[in-house]
J.: 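If you scroll down you'll find the structure; I have some questions about it.
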Number of protein chains: 2
Amino acid sequence: MTSPHRPLRADATRNRAALLAAAEAEFTERGLDASMADIARRAGVAKGTVFRHFASKEELIAAIVAGHFRALSEYARALDDASDPGGALVEFLAEAAGGQAHHDLSFLQTLTEGDSSVAAARDQLHADVERLVARARDAGAVRGDVTGTDVWVLICAPVHATGYVRDPAPDLWRRYLAIIVDGLRPAGAQPLPVPPPTWP
Amino acid sequence: MTSPHRPLRADATRNRAALLAAAEAEFTERGLDASMADIARRAGVAKGTVFRHFASKEELIAAIVAGHFRALSEYARALDDASDPGGALVEFLAEAAGGQAHHDLSFLQTLTEGDSSVAAARDQLHADVERLVARARDAGAVRGDVTGTDVWVLICAPVHATGYVRDPAPDLWRRYLAIIVDGLRPAGAQPLPVPPPTWP
DNA sequence: GGACAACCTGACCGGCCGGTCAACTTCGCT
DNA sequence: AGCGAAGTTGACCGGCCGGTCAGGTTGTCC
């Protein structure tokens with residue numbers, strides 16, 4: 001978590017939040033090449049302030065990614081006591097995709113493999129997904145040969161698919177989520193040709 | 001096509017081919033940030049030569065992308081007289097994914113939307129996919145509510161999915177292709193919640 | 001209200017990258 | 001063989017980007 005080594009000053013907390021929001025917006029608009037200077041400008045602070053809060057661009061990205069992982073993790077856990085495990089899994093996937101449809105930051109994920117706080121948040125989220133999938137599988141809503149990691153790697157697929165059409169409808173990702181979910185169901189499933197990947 | 005305005009000199013043809021190969025390799029390894037200087041070095045030529053053959057980095061990328069589109073297009077057309085339309089579609093998707101698994105250049109695609117020769121090759125390939133899907137649908141191998149464009153946008157999904165696991169088996173994409181293909185089949189299909197996108 | 005630490009600022013730096021160009025080399029043709 | 005055109009070279013340029021830091025500012029606590 002964010003180590004409360006010393007409580008931040010009031011303006012520092014404000015600036016940090018503004019920076020994270022600005023960075024998120026800038027990264028979604030300009031991609032990985034969004035510059036620290038632009039992020040600072042958008043947050044209404046000087047360039048130096050960015051580097052006071054985040055020692056490097058990588059660290060800023062890591063903070064964003066870890067934040068998203070943690071938020072999704074919380075959402076997943078809230079679904080733990082759902083009465084319909086199959087529906088819960090789909091609802092989780094929809095939440096994940098819905099967030100990406102608004103701010104697709106999946107391309108930042110690979111850049112932060114080294115960061116330990118990201119790794120922790122990621123592993124936690126993966127465990128949450130694994131649990132959702134296990135319940136859905138036990139309930140017969142998901143085919144038996146599909147693992148949590150399989151679902152994990154497919155999370156971004158619906159939104160990425162929409163990236164290949166011009167001016168996609170804002171909820172087009174639901175169409176591809178539906179297709180993939182149908183592929184995860186037991187009905188009409190053909191045997192899978194390759195063993196599942198191990199985690200990590 | 002490549003306009004034969006004047007026949008290229010022998011060394012020029014060699015260099016052009018070397019440059020395309022080097023660029024492809026460099027882009028797969030370093031991503032979009034691969035530098036023109038590195039590409040030149042890898043091809044064994046000077047930097048200026050790159051810009052003689054391709055006026056800008058964008059143009060080089062466009063040449064690569066268009067080349068891949070055309071190669072896939074040819075493959076798709078060779079499948080036109082297959083006796084099993086469902087199998088033909090899957091075979092095409094496997095060829096596309098197999099190529100990407102070796103050299104994933106899908107991230108270059110969005111950068112070349114403006115280029116007219118890329119647009120032509122892309123539209124041609126899309127038409128080919130549409131035809132493969134139509135036949136598979138008529139044969140009952142693909143659900144009725146799925147369009148060619150749906151399949152088009154899902155082409156990259158199997159390979160992209162493998163990008164989220166460490167050291168994926170080289171043919172892991174086959175697993176996710178199988179899942180998606182199962183989602184495209186009529187068996188157990190649930191109605192899709194959103195209308196398909198129009199092309200383009 | 002004063003004093004100190006935390007924080008912010010913005011000019012500055014080195015490095016890299018896409019792109020240019022005048023001088024030189026090589027191909028291809030007769 | 002020799003000549004002109006096509007091709008190649010590599011030093012060079014302007015611009016941008018991540019990152020630094022000395023000095024000014026502001027929150028906070030007594």
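These figures come from a predicted structure and were not determined experimentally. Lettering follows sequence order; numbering is per chain, from 1.
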J.: Under the side chain to side chain donor-acceptor pair (under 3.5 Å) rule, collect the residues that match up with A/Arg174, sequence neighbours excluded.
T.: none

J.: Over how many whole Å does the gap from A/Met36 atom CE to D/dT20 atom P extend?
T.: 10 Å

J.: Name the nucleic acid region contacted by A/Asp33, choosing base, sugar-phosphate or nothing; use a 4.0 angstrom heavy-atom cut-off, strictly under.
T.: nothing

J.: Name the atoms and distances for all side-chain donor-acceptor pairs under 3.5 Å in residues 188-200 of chain B, with sequence neighbours left out.
T.:
none

J.: Want to settle it: does B/Ser56 or B/Leu8 sit nearer the 5' end of DNA chain C, counting the closest nucleotide to each?
T.: B/Ser56

J.: The side chain of B/Arg9 lies closest to which of these nucleotides: D/dA6, D/dG27, D/dT8?
T.: D/dA6

J.: Identify, between A/Ala34 and A/Thr49, the residue whose nearest nucleotide on DNA chain D lies closer to the 5' end.
T.: A/Ala34

J.: What integer distance in Å separates B/Arg14:CZ from D/dT8:C1'?
T.: 12 Å

J.: Within a strict 4.5 Å, meaning less than it, do heavy atoms of the A/Asp33 and A/Arg30 side chains meet?
T.: no

J.: Looking across every strand, which nucleic acid part, if any, lies under 4.0 Å from B/Ser35 by heavy atom: base, sugar-phosphate, or nothing?
T.: sugar-phosphate

J.: OP1 or OP2 of D/dT8 versus the side-chain N and O atoms of B/His53: is any pair under 4.0 Å?
T.: yes

J.: Within the 4.0 Å heavy-atom criterion, would you say A/Lys57 contacts the bases, only the backbone, or no part of the nucleic acid?
T.: sugar-phosphate

J.: Pairs under 3.5 angstrom only: tabulate donor-acceptor contacts from the side chains of residues 72-79 of chain B to other protein residues two or more places apart or in another chain.
T.:
| residue | atom | partner | partner atom | Å |
| --- | --- | --- | --- | --- |
| B/Ser73 | OG | B/Asp128 | OD2 | 2.4 |

J.: Scan the side chains in residues 149-157 of chain B for donor-acceptor partners under 3.5 Å anywhere in the protein, sequence neighbours excluded, and list what turns up.
T.:
| residue | atom | partner | partner atom | Å |
| --- | --- | --- | --- | --- |
| B/Thr149 | OG1 | B/His126 | NE2 | 2.9 |
| B/Asp150 | OD1 | A/Arg175 | NE | 3.0 |
| B/Asp150 | OD1 | A/Tyr176 | OH | 2.5 |
| B/Asp150 | OD2 | A/Arg175 | NE | 3.1 |
| B/Asp150 | OD2 | A/Arg175 | NH2 | 2.6 |
| B/Asp150 | OD2 | B/Thr147 | N | 3.0 |
| B/Asp150 | OD2 | B/Thr147 | OG1 | 3.3 |

J.: Heavy atoms under 4.0 Å, any strand shown: does A/Ala40 hit a base, just sugar-phosphate, or nothing?
T.: nothing

J.: Under a criterion of less than 4.0 angstrom to any heavy atom of chain B, what are the 5'-terminal and 3'-terminal contacting nucleotides of DNA chain C?
T.: C/dC17 to C/dG28

J.: Donor-acceptor pairs are to be reported for all side-chain atoms of residues 93-105 of chain A against protein atoms at under 3.5 Å, with residues two or more places apart or in another chain.
T.:
| residue | atom | partner | partner atom | Å |
| --- | --- | --- | --- | --- |
| A/His103 | ND1 | A/Thr28 | OG1 | 3.4 |
| A/Asp104 | OD1 | A/Ser106 | N | 3.1 |
| A/Asp104 | OD1 | A/Ser106 | OG | 2.8 |

